[in-house]
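Below you'll find the structure, written out as structure tokens, and then a few comments.
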Amino acid sequence: MSLTFYGYPKCGTCRNAKKWLDTHGLTYKEIHIFDSPPSKEELKDMLELSRFELKKFFNTSGEVYRELGLKDKLKSLSEDEMLELLASNGRLIKRPLLTDGKKVTIGYKEEDYAKSWL
């Protein structure tokens, strides 16, 4: 299984997720989500694989999300506009984002990782 891990090295949640992956012997390609966020197309694919609502992909506790006033604006944006926004700024994406091309997890919860990746 080839995993791609989008994270931010200084994020405690990302570090915990990586520690879990390492402890369980799972290998992954790590991508700095701020420097190289997933493209609009990659996000669209992940959205379809995840069966999550697109709003779940947003880092709602992030500074950029608040600065842009997205809590109110998201309701009026199309899916295409939301994907464009996420792809344009990795700080807007909830992290870590982990995928193997068949499924996706957003954020880190040990029980979700165990269900999805073991």
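For the numbers below, each heavy atom of this structure counts, side chains included, while hydrogens, waters and symmetry mates do not. This is a predicted model, so every value here is computed, not measured. Sequence positions, counted from 1, serve as the residue numbers for this chain.
Put simply, F58 and L77 are part of the same group of oily side chains (I, L, V, M, F, W, Y) that touch within less than 4.5 Å, one to the next. Hydrophobic clustering of Ile, Leu, Val, Met, Phe, Trp and Tyr side chains at less than 4.5 Å, counting indirect connections, unites L70 with L97. Taken together through direct or relayed side-chain contacts under 4.5 Å among Ile, Leu, Val, Met, Phe, Trp and Tyr, L54 and V104 form part of one hydrophobic cluster.
Applying the side chain to side chain donor-acceptor pair (under 3.5 Å) rule to pairs touching residues 75-87 yields K40-D80, K40-E84, K44-E79, S78-E81, sequence neighbours excluded. Among residue pairs with one or both ends in residues 57-74, none qualify as salt bridge (Lys or Arg N to Asp or Glu O under 4.0 Å); sequence neighbours excluded.
Between L21 and Y113, the closest side-chain pair of non-hydrogen atoms falls below 4.5 Å. Residues L3 and W117 are in side-chain contact: their nearest non-hydrogen atoms beyond the backbone lie under 4.5 Å apart. Between N89 and L68, every side-chain heavy-atom pair lies at or beyond the 4.5 Å cut-off. Counting heavy atoms from C-beta on, the side chains of L83 and F57 never come closer than 4.5 Å. At a threshold of 4.5 Å between non-hydrogen side-chain atoms, the residues Y65 and K94 do not count as touching. Proximity of L74 to M82: side-chain heavy atoms (C-beta onward) are separated by under 4.5 Å at one or more points. Residues T13 and Y8 have side chains not in contact (no heavy-atom distance under 4.5 Å, counting atoms from C-beta outward). The shortest distance between side-chain heavy atoms of Y6 and M46 falls below 4.5 Å.
The two atoms that bring L92 and L86 nearest to each other are O-CD2, 3.7 Å, heavy atoms only. When all heavy atoms of F52 and L47 are compared, the closest pair comes out as O-CD1, 3.2 Å. In this structure, A87 and S39 approach most closely via the heavy-atom pair CB-C, 3.9 Å. Here the closest non-hydrogen pair linking F5 and C14 is CZ-O, 3.6 Å. Considering all non-hydrogen atoms of both residues, R15 and P9 come closest at NH1-O, 3.4 Å. Nearest heavy atom pair, residue P38 against residue I33, reads CD-CG1, 4.3 Å.
Here the side chain of K103 pairs a donor or acceptor atom with the backbone of S116 at under 3.5 angstrom.
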Q.
Show, in sequence, the C-alpha distance, side-chain angles and deciding distance for N59 and I93, and conclude whether the side chain to side chain contact (heavy atoms under 4.5 Å, CB included) test is met.
A. CA-CA 5 Å; N59 177 12; I93 302 171; 6.0 Å; no
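The environment of E110 atom CD is sparse: at most 12 non-hydrogen atoms of other residues, nucleotides or ligands sit within 6.0 angstrom.
Looking only at atom types and distance, the side chain of Y28 has no donor-acceptor partner in the side chain of D100 under 3.5 Å away.
A distance of 6.5 Å separates CG in L26 from CG in L118, rounded to the nearest 0.5 Å.
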